[in-house]
Asker: 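Quick one: the structure is below, and I'll ask about it shortly.
Just the heavy atoms: all of them, side chains too, but no hydrogens, waters or symmetry mates, feed the values below.
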Amino acid sequence: MALGCTCVVGHDAAQRVATSLVTGVVATSVAAPFDLIKSRVMASDVPGDNFLTVLLRLLRHEGPGALFKGWWPTYLRLGPHAILTFPLYEAVRRAAGLDYL
């Protein structure tokens, strides 16, 4: 048992890993477009380039699917983070006696 958690193995652990994987997918899908645009703004040589101008240029020239370029590398960064963070958070919460949250 880790940190006093009674549900480290079995159905609860599998459920926590599965929900953490889904959390990683959602976080990646939300963060990837912003990461891409931020990187392009920072790498731009065009004076006055900002979030909106880069976004509009990207959509016009590459289409909406381009917002998800680099999705897999972003998921490989955020997915393991979610898998480790949320079950650990639950174990610490239970060990602290905060089961009611």
Asker: Hey, what do you get for NE2 (H81) to CZ (F86), rounding to the nearest 0.5 Å?
Answerer: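 Taking NE2 in H81 and CZ in F86, the distance rounds to 7.5 Å.
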Asker: Give a yes or no answer on whether the side chain of R16 reaches the backbone of P87 with a donor-acceptor pair at less than 3.5 Å.
Answerer: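 No; judged by distance alone, with no hydrogens or angles, the pair does not exist.
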Asker: Quick one: pull up CG in L56 and NE2 in H61 and give me the separation to the nearest 0.5 Å.
Answerer: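 Between L56 CG and H61 NE2, I get 10.0 Å after rounding to 0.5 Å.
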Asker: Salt bridge or not between D49 and R57? Use side-chain N to carboxylate O under 4.0 Å.
Answerer: yes
Asker: If you round to the nearest 0.5 Å, how far is OG1 of T74 from NZ of K69?
Answerer: 13.5 Å
Asker: Look up atom CG in N50 and atom OG1 in T53, then write down how far apart they are to the nearest 0.5 Å.
Answerer: 4.0 Å
Asker: Going only through I, L, V, M, F, W and Y residues with side-chain contacts under 4.5 Å, is there a path from L76 to L78?
Answerer: no
Asker: What residue pairs, at least two apart or across chains, pass side-chain hydrogen bond (donor to acceptor under 3.5 Å, both in side chains) with a residue in residues 19-34?
Answerer: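 Those involving residues 19-34 are S29-W71.
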Asker: Are V26 and L84 connected into the same hydrophobic cluster when the rule is that any two of I, L, V, M, F, W, Y join if their side-chain heavy atoms are below 4.5 Å apart?
Answerer: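 Unlinked, L84 and V26 end up in two clusters.
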Asker: Report the distance from atom CD1 of I83 to atom CG of L21, rounding to the nearest 0.5 Å.
Answerer: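 One finds 4.0 Å between CD1 of I83 and CG of L21.
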Asker: Could you walk me through whether L58 and L36 satisfy the side chain to side chain contact (heavy atoms under 4.5 Å, CB included) test, starting with their C-alpha distance in whole Å, then the side-chain angles of each, then the deciding distance to 0.1 Å, before giving a yes or no?
Answerer: CA-CA 10 Å; L58 177 81; L36 177 78; 3.9 Å; yes
Asker: Do any N or O atoms from the side chain of S44 and from the backbone of R40 form a donor-acceptor pair under 3.5 angstrom?
Answerer: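 No, S44 side chain to R40 backbone: no donor-acceptor pair under 3.5 Å.
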Asker: Using the rule that two of Ile, Leu, Val, Met, Phe, Trp, Tyr join whenever any of their side-chain heavy atoms come within less than 4.5 Å, decide whether F68 and L59 are in one cluster.
Answerer: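 F68 and L59: one cluster.
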Asker: Does V22 belong to the same Ile/Leu/Val/Met/Phe/Trp/Tyr cluster as V25, with side-chain heavy atoms less than 4.5 Å apart forming each link?
Answerer: no
Asker: Please determine whether a side-chain nitrogen of the Lys or Arg among R77 and D35 lies less than 4.0 Å from a carboxylate oxygen of the Asp or Glu.
Answerer: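 Yes.
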